[in-house]
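Here is the structure we will look at.
Reminder, nothing fancy here: chain letters follow the sequence lines and each chain counts from 1.
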2 protein chains.
Amino acid sequence: MPHAADSGRPTMRDVAREAGVSQSLVSIIFRGAPGASDATRRRVQEVADRLGYVRDESARSLRSARSTNIGVVFQTRQPFHSEMLDGLYTATVGMPNRLILSAVSEARDEAVAIRDLVSYRCGALVLLGPRMPEEELIELGGTIPVVSVARRCPSAGVDWVVSDDAQGMGLALDHLVRLGHRHITFLSAPVSPGGREREHAFQDAAETRGLTDEVIIARGGMTEAEGVEAAERILSLPELPSAVIAFNDRCALGVLDVLVRAGVDVPGEVSLIGFDDSQIASRKPILLTSVRQDPMSLARFAAERAVQRMSPEGPASEPRGTILPVTLTIRATTGPAAG
Amino acid sequence: MPHAADSGRPTMRDVAREAGVSQSLVSIIFRGAPGASDATRRRVQEVADRLGYVRDESARSLRSARSTNIGVVFQTRQPFHSEMLDGLYTATVGMPNRLILSAVSEARDEAVAIRDLVSYRCGALVLLGPRMPEEELIELGGTIPVVSVARRCPSAGVDWVVSDDAQGMGLALDHLVRLGHRHITFLSAPVSPGGREREHAFQDAAETRGLTDEVIIARGGMTEAEGVEAAERILSLPELPSAVIAFNDRCALGVLDVLVRAGVDVPGEVSLIGFDDSQIASRKPILLTSVRQDPMSLARFAAERAVQRMSPEGPASEPRGTILPVTLTIRATTGPAAG
DNA sequence: CTGAAAGCGCTTACAG
DNA sequence: CTGAAAGCGCTTACAG
C-alpha cells in the first residue's frame with residue numbers, strides 16, 4: 001500500500017540488473033571508488049547512459065557518512081557575485097563536491113537562504129558578501145564550516161577571504177599621485193560588506209602618502225544609482241576633485257555616466273578609478289581603470305577551504321583569514337592631472 | 001558498525017522525544033498536514049526552534065511520493081535572469097514548493113545544469129532562456145514537465161511563456177511614428193533565444209505601418225559589447241537613422257554609451273528604444289525608453305504552470321504556450337524626429 | 001568482484 | 001492524537 005514514487009526514473013538497481021552486476025558494484029562505479037575493473041566500469045557506464053540513469057542526489061546525500069556538498073549563498077543583482085559563481089563552478093570541475101545555490105533576493109533574506117542550504121545537508125557554506133550581523137555569522141560558524149567571501153570575520157570559527165584593499169588603495173593612489181593628482185575624493189560605502197575596511201584603507205593610504213589634507217571621503221555606495229547621486233553632488237561643488245576613487249565599479253559607472261553627460265572630460269578634467277574590475281569595466285567605451293579583485297581566485301580559495309574544512313583530515317586550526325593580492329588595471333579613465 | 005553521519009543536527013526523532021510526542025506527529029506538523037491541534041503545533045514548533053531543528057530536505061524529498069521541487073536553470077551574467085529569479089522566489093513564497101537553482105556558466109553547460117536538477121528529484125523544470133536545440137528540449141519535455149521561459153517550443157510536451165514581441169514592436173513603432181520617425185533601424189540578435197521571433201515581429205510591425213522601405217534590420221546582439229559595435233557601424237554611415245530599436249536593454253545601453261560619447265544628441269538626433277525594461281533602464285541618467293517585459297509575471301506564470309504540471313490533478317492538456325502582454329515605458333531616450 | 005544487510009531521516013498509511 | 005512499520009535510493013562494511 002505504500003506509495004507510488006515511481007517517477008519512472010531508473011535506479012541503481014535497474015542499472016545493475018540490466019548490466020548483470022550487483023547494485024553494490026554500480027555504486028562503487030558511480031562513486032569512483034576502487035573495486036571494479038576498467039572494462040566493467042565502461043560497460044556499466046554505457047548501460048547507465050542507455051537507460052538515462054542519473055544518480056539520485058537526495059539518496060546519496062542522505063546515506064553518505066560525510067556531506068560533501070558546498071552550499072553557496074549569493075545575491076541576485078550583484079554582477080560580481082555572478083562572476084564568483086562562475087569561478088566556483090570552474091574551481092569545482094572534476095571535484096566530487098557539488099555546489100548547491102541559494103539566492104538572497106527581495107523576497108528571500110539571508111537567514112532563509114542559509115536554512116535552505118542546511119536542509120540540503122551541505123557540509124560547508126560559502127557566503128558571498130554576507131550581510132548578517134557579526135554575532136550571527138560567528139554563531140553559524142559554530143554549527144557548520146563557513147567561508148565568508150569579501151567580508152572579514154574576527155573569529156576563530158569562521159574562515160574568510162578578502163581582497164587586499166590596503167594594497168589596492170595603495171596602487172590606486174600611487175597611480176594617481178604619479179599622474180600629478182592630489183585632490184582625490186573617495187566615494188565610500190560604509191554599510192556594505194567590507195565597506196569600513198575599504199574606507200580605512202583609503203585613509204591609511206592617503207596618510208602614508210602625505211595627502212591627508214587634500215583628500216576627501218564622501219558618500220558613495222555600492223550601486224550605480226548611488227554613484228549617480230554622488231556625482232551630482234560633486235558637480236555642484238565649487239571645484240571638481242582632480243580624481244575620484246569609487247567604492248566599486250558599479251558606483252564608478254554611475255559617476256562616469258553623469259560626468260560624461262555633464263560634458264566633463266574624463267580623464268582630462270577628472271580621473272576615475274573603480275574597484276572589482278568587473279566585466280563591464282573592460283567594455284568599450286567605458287574602459288574604466290579599476291583595482292582588480294580576481295573573482296576566480298576568491299572563488300577557488302573559498303571552494304578549497306570549504307572542502308578542507310569538511311574533510312576529517314582537514315586542518316582544524318590554521319589561519320582563518322586570507323587576504324588575496326590585487327592588481328591595478330589601467331584603462332582610459334585615468335590620466336595626467338590638469339594644470 | 002555502520003557510519004557516523006552524526007553531524008549533530010537534531011532529527012525529527014529528537015524533536016519528538018523532547019516535545020513528548022510521536023515522530024509521526026512532528027512530521028504532520030512540519031508538513032502542515034491535518035491531525036494536530038493548534039496548541040500542539042505551537043508547542044512542537046517551539047521545541048524545534050529551541051533545538052535548532054531544520055527538516056532534512058534530502059530525506060523528505062527521497063521519501064515523498066510526489067516531488068514538489070521546482071528546478072530552475074538560469075544564466076549567470078544575465079541581469080534579466082536575476083530579475084526572474086527574484087520573481088520566482090516571490091511567486092513561491094508560502095507555497096510548499098522549493099526552488100532548486102542550477103546555473104549555466106562558462107564552465108557549466110545547460111545539459112549538466114539540467115542533469116543536476118534531475119538528480120535532486122525536481123518534479124518540474126523552469127528553464128530561463130534555454131539555448132539547447134529544439135529536439136533536445138522536446139525530448140526533455142517527454143521525461144519531466146518543462147516550462148521554457150522566453151523561448152517558444154512548438155511541441156505539445158513543453159510549456160512555454162514569452163512576452164508578446166509583436167505587441168511590443170507595435171507599441172515601439174507606434175510611439176516612434178507618432179513622434180515623426182520613419183527611418184528606423186532594428187538591431188537584431190537572431191541567434192539568441194527568441195531572437196528570430198523578435199526580428200519577425202519588427203518586420204511585420206513595419207510592414208503593417210507601411211514603413212517597409214524606410215526601415216533597416218542590422219546586426220545587433222544581446223550584450224552591451226555588441227550594442228557598442230552596432231553603434232560604431234551606425235556612426236560610420238553617411239546618414240544616421242532617426243530612431244533605433246535594440247534587441248534588448250543591454251544592447252541599447254551599449255548603443256547609448258557610444259552615441260552620447262560621440263556627441264550625438266539622444267533623443268534630439270536619434271531616438272532609442274530597448275527591450276526588457278530592466279532595472280538599469282530606469283536608472284538616472286540613462287532613462288531608456290523600453291518595451292517592458294515583466295519578469296515578475298513571467299516568473300509567476302512559470303511557477304504556477306510548473307506546479308500544475310507536477311500535481312496529478314493538474315491539467316494534462318491545455319494550451320502549452322502563453323504570450324504575456326507587454327507595455328511601453330516611455331522615458332528620456334525617445335523624442336520628436338529631427339526636422 | 002557478488003550478495004545480503006543495515007540504515008540515513010524522513011513520509012505515509014494503518015490500527016488503536 | 002500514538003506507535004509500530006515499511007520503504008524512498010542510495011552508501012557502507014562484511015563475508016564469501
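Among dC10(D), dT2(C), dG9(C), the nucleotide with an atom closest to any side-chain atom of A59(B) is dG9(C). Residue S64(A) has its side chain nearest to dT12(D) when only dC8(C), dT12(D), dT11(C) are considered. Closest contact between the side chain of R55(A) and the listed nucleotides dT12(D), dC8(C), dC10(D) involves dC10(D).
Summarising the geometry, the separation between CZ on R121(A) and C1' on dG9(D) is reported as 14 Å, rounded to the nearest angstrom. If you take CD1 of I28(A) and P of dT12(D), they are 11 Å apart, rounded to a whole angstrom. Between the CG atom of L62(B) and the P atom of dC8(C) there is a distance of 13 Å, given to the nearest Å. Distance, L25(B) CG to dC14(C) C1': 15 Å, rounded to whole Å. In this entry the distance linking CD1 of I29(A) with C1' of dT2(C) reads 13 Å, nearest Å. As a whole-Å value, the separation of R66(A) CZ from dT11(D) P is 14 Å. In this structure, R60(B) places its CZ atom 12 Å from C1' of dG9(C), rounding to the nearest Å. The interatomic distance linking E57(A) (CD) with dC10(D) (P) rounds to 10 Å, in whole Å.
One finds no side-chain N or O of S27(A) lying less than 4.0 angstrom from the OP1 or OP2 phosphate oxygen of dC10(D). Regarding contacts with the backbone of dC10(C), a side-chain N or O of Y53(B) is found under 4.0 angstrom from either OP1 or OP2. Within the structure, a side-chain polar atom (N or O) of R31(A) is placed less than 4.0 Å from OP1 or OP2 of dT12(D). OP1 or OP2 of dC10(D) has not a single side-chain nitrogen or oxygen of Y120(B) nearer than 4.0 Å.
One donor-acceptor pair, N or O on each side, does fall under 3.5 Å between the base of dG7(C) and the side chain of R63(A). Scanning atom types as modelled, no donor and acceptor separated by under 3.5 angstrom connect the side chain of S22(B) and the base of dA4(D).
As the counterpart of dA15(C), dT2(D) is assigned, both hydrogen-bonding distances of the Watson-Crick or G-U wobble pattern falling under 3.5 Å.
Between the SG atom in C122(A) and the CD atom in E57(B) there is a gap of 11.5 Å [rounded to 0.5 Å].
Two residues, G20(B) and M12(A), neighbour DNA chain D, and the one matched to the more 5' nucleotide by heavy-atom proximity is G20(B).
In this structure, L127(B) and P130(B) approach most closely via the heavy-atom pair O-CD, 3.5 Å.
Side-chain contact, S105(A) with T76(A): no donor N or O sits under 3.5 Å from an acceptor N or O.
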